[in-house]
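Heads up: the structure comes next, in structure tokens.
Just so we're on the same page: letters track the sequence lines, and every chain starts at 1.
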Amino acid sequence: MAEYKGIAVYCEVKDEKMLPIAAEGLGIGRKLADELGQELAAVLVGSNAGNLAQQAIAHGADRAYVVDDPLLKDCQTDAYVSVMEKVIGQITPQVLIMGQTDSGRDLAPRLAFRLGVTVTMDCVDLAIDSESKRLLQTKPVYGGNAQAVFTSESNPQMVTIRTKAMTALEPDASRKGDITSIAADLQASDIRTKILDKVVEEVAGIKIEDAEVVVAGGRGIGSAEGFQQLEELAKMLKGAVGASRPPCDNGWLPDTLQVGLTGKIIAPELYFAIAISGSSQHMSGCSGSKTIIAINKDAEANIFRQARFGVVGDWKKVLPAFNEKVKELLAS
Amino acid sequence: MNIVVCVKQVIDPESPPSIFKIDAATNKAEMRGVPPVIDPYGEFAVEAALKVKEAKGGKITVISLGVKLSREVVKKPLAMGADELILLDDEAYVRGDSWSTATALAAAIQKIGEYDLILCGREASDTNAGQTGPGIAEILGLPCVTIARKIDVTDGSARIERVTSDGYDVIEVPIPAVITVSNEIGEPRYPTIKGIMTAKKIEPVIWKPADISLDASKVGTAGQRTRLKKLFQPVYEGKCEFAEGDSAEEAAANLALKLRESKIL
Ligand SMILES: Cc1cc2nc3c(=O)[nH]c(=O)nc-3n(C[C@H](O)[C@H](O)[C@H](O)COP(=O)(O)OP(=O)(O)OC[C@H]3O[C@@H](n4cnc5c(N)ncnc54)[C@H](O)[C@@H]3O)c2cc1C
């Protein structure tokens, strides 16, 4: 049997760019590799991925493996599973870190089962067990009500990491490392699915992932019109509007603005939760915010357990008066 | 059209977090005093199956794996309109991980033999993993599309809208295929009185590991490839500072002032 050694980070490439989560994976990967006294390898797969190898090395990798093939352009999971199966067979890492992204959610479990292992999805902490030297994989379960620590029985020990849960290193352009090319060797029969269209639903204004201020509303907002007052506050604070799941399910707001476990995971400076009860699944998406401010008519609502400031009351009365005062304060 | 839906029984994920408890001795979680439910994303998968059945006709077989499953809970998909229920209900299945669970479900699906679509929820509300569907696909050698918000079946293939963080992809996949379903598919229908009556009369089929040709070493804890070392509840130490006032308007203004004082505004 092959000897599994070293840490590998799958550095996801989208539109010929390395995603931020790849640098986050390399950041934690570097730490784990140093602790084990082993190498950190970056794996880049995609069309024109070769240009990004040096960037991965600058972010902490000792070496990079690149699979560069035009057939890999639109991220067909079938193709990526085949390619990654081959790459992992060749480099046999002890640990494989991927990102909990649109593509990672699809690719990681498929690849794990193809390799005969499981993957711990959506990890928020990774560490090496001092005795066994195995990877301790911490991930939220029960929608965030609890966290579980898992270990893998076999190699590679596979995980995906949650966005923004790990810290990237400052890139160091002077770092050097070997870059190895691996051929994709794709067979047409490997790819069974066909992507007919990629629909992007543009939202006007600042993107919720990038906003420093997010004004989010929940089921208690009651209608699409209700969100106009949240828009007003967001505009004043140069922020974005977001929501818990019910407003999206009800069509008051686009699905892409859902915050939470199965929506966006964000960490703005300021998060307003208005008429949101604060379910564990929702909090999974916003608990990294620096300051949470809640408006809810129920003093017992869970949101107040994590909020820094709050008002107990009907948002229809509270928010207009709050907006008015904020306008006044900002003008003064 | 033969549709198989995999749905599990879980502790109610919509209960308030304040009643969530972990029993440290057994590493088991519970929602104090609240009965278990069908997993919400599994319910969305049942809804997706019913939509396909409405459009194309066919039969929906539901499979649930667990130990001492509540008949009332696992029969809900039947009450919604599914046709048959197979339970992998046996002590041997206890405490499986995604590997042993997908292995058992795949073996059961193989035993069913005829299938065009296999539907699962995008992730279960307890494990939040999303591995069962893709795992079944790999074991059975089938193509897989995850996180579907719409499924249209045409001759020999399915056209699926897959949710992405900035919209959706339209993907065509030959069937049989495994598809995992997201909430954007639409609210699951409520069981009708007629549905509940019909469900009462349907006896679930029960398969032990031997019935699906699986050795005891492949199921439950014995078949795990992941070990749970620890389960704990994170603590939040923060304290909420409430802005008060004689009226809602005054409280609101005081909130703004507090934020200004703390240099947040
Ligand atoms: C596996 C799984 C994944 C999930 N993923 C997500 C996710 O990513 N994001 C997400 O948000 N949810 C998610 N959910 C759903 C989640 O469990 C909750 O159902 C949801 O977050 C509740 O949204 P809410 O707080 O807006 O609604 P509710 O829980 O119904 O709360 C509404 C709140 O509004 C308050 N309210 C009502 N009227 C007023 C008023 N006039 N003034 C002031 N306050 C008022 C009420 O007091 C209440 O607290 C998921 C569920 C599961 C099972």
Side-chain angles (χ1 to χ4, degrees), chain A residues 78 102 105-106 109-110 113-114 117-122 136 140-143 145-154 192-201 245 249 255-256 261-262 264 270 279-281 291 302 304-314 317-318 321-322 325-326 329, chain B residues 13 16-18 20 22 29 97-99 125-131 134-135 137-139 143-147 163-174 183-184 224-234 236 238 240-243 248-249 251-253 255-256 258-260 264-265:
Chain A
D78 271 347
D102 287 343
R105 284 189 150 105
D106 205 40
R110 295 267 306 278
F113 273 77
R114 184 81 55 98
V117 300
T118 52
V119 47
T120 301
M121 303 290 287
D122 205 18
L136 298 171
V141 290
Y142 296 98
N145 277 319
Q147 293 196 354
V149 183
F150 291 106
T151 52
S152 309
E153 296 282 280
S154 35
R192 297 160 293 185
T193 50
K194 194 157 118 197
I195 298 182
L196 304 174
D197 198 6
K198 281 183 177 287
V199 179
V200 173
E201 291 173 337
R245 197 172 88 188
D249 280 352
D255 293 325
T256 49
L261 183 66
T262 49
K264 298 258 155 61
L270 204 51
S279 69
S280 56
Q281 297 89 358
T291 305
N302 190 61
F304 290 124
R305 295 209 298 177
Q306 287 190 54
R308 175 73 189 82
F309 295 99
V311 171
V312 179
D314 183 346
K317 296 208 179 90
V318 176
F322 180 72
K325 191 74 185 173
V326 169
L329 290 174
Chain B
S18 54
F20 177 88
I22 293 169
D97 67 347
S98 43
W99 186 272
S125 60
D126 48 4
T127 56
N128 302 134
Q131 288 195 67
E138 283 300 318
I139 293 168
C144 177
V145 180
T146 52
I147 323 187
V163 178
T164 62
S165 52
D166 53 10
Y168 60 92
D169 291 347
V170 185
I171 302 175
E172 195 172 69
V173 60
N183 52 292
E184 290 84 352
Q224 282 183 350
R225 298 199 174 182
T226 326
R227 295 274 162 214
L228 176 66
K229 300 273 283 190
K230 194 168 136 197
L231 187 65
F232 64 98
Q233 267 179 280
Y236 301 104
C240 186
E241 203 175 305
F242 287 97
E249 289 78 7
L255 174 65
K258 264 183 195 294
L259 297 182
R260 176 43 62 104
I264 288 171
L265 275 187

B:Glu184: which residues meet the salt bridge (charged side-chain N to carboxylate O under 4.0 Å, His left out) condition with it, sequence neighbours left out?
none

A:Glu201 meets the salt bridge (charged side-chain N to carboxylate O under 4.0 Å, His left out) criterion, sequence neighbours left out, with none

Counting N and O atoms only, with roles assigned by atom type, does the side chain of B:Asp97 sit under 3.5 Å from a partner on the main chain of B:Trp99, one being a donor and the other an acceptor?
yes

Using a 3.5 Å distance criterion without hydrogens, assess whether the side chain of A:Glu153 forms a donor-acceptor pair with backbone atoms of B:Gln224.
no

Which of the residues B:Ile139, B:Thr127, B:Val163 is involved in the greatest number of heavy-atom pairs with chain A at under 4.5 angstrom?
B:Thr127

Note: vs chain A, highest number of non-hydrogen pairs under 4.5 angstrom among B:Gly130, B:Pro234, B:Ser125, B:Pro13 is B:Pro234

Do other residues, nucleotides or ligands put more than 12 heavy atoms under 6.0 Å from A:Lys194 NZ?
no

Less than 4.5 Å to any heavy atom of chain B: does that hold for the side chain of [X], its backbone, both, or neither?
X        : value
A:Asn302 : side chain
A:Leu196 : both
A:Gln306 : side chain
A:Asn145 : both
A:Thr291 : side chain
A:Lys264 : side chain
A:Val117 : backbone

Contact origin within [X] toward chain A - heavy atom pairs under 4.5 Å:
X        : answer
B:Phe20  : side chain
B:Ser98  : both
B:Glu241 : both
B:Ser165 : both
B:Leu255 : both
B:Arg227 : both
B:Pro16  : neither

Kindly indicate, with the supporting measurements, whether the criterion side chain to side chain contact (heavy atoms under 4.5 Å, CB included) is fulfilled by B:Ile147 and A:Thr262.
CA-CA 10 Å; B:Ile147 323 187; A:Thr262 49; over 6 Å; no

Are the side chains of B:Val145 and A:Thr193 in touch, meaning some heavy atoms are under 4.5 Å apart?
yes

Side chains of A:Phe150 and B:Leu228, heavy atoms from C-beta outward: is any pair under 4.5 Å?
yes

Taking A:Asp122 first and then A:Arg105, would you say they form a salt bridge - that is, a charged N and a carboxylate O separated by under 4.0 Å?
no

Do A:Asp106 and B:Thr146 pair up side chain to side chain, a donor and an acceptor below 3.5 Å, judged on atom types alone?
yes

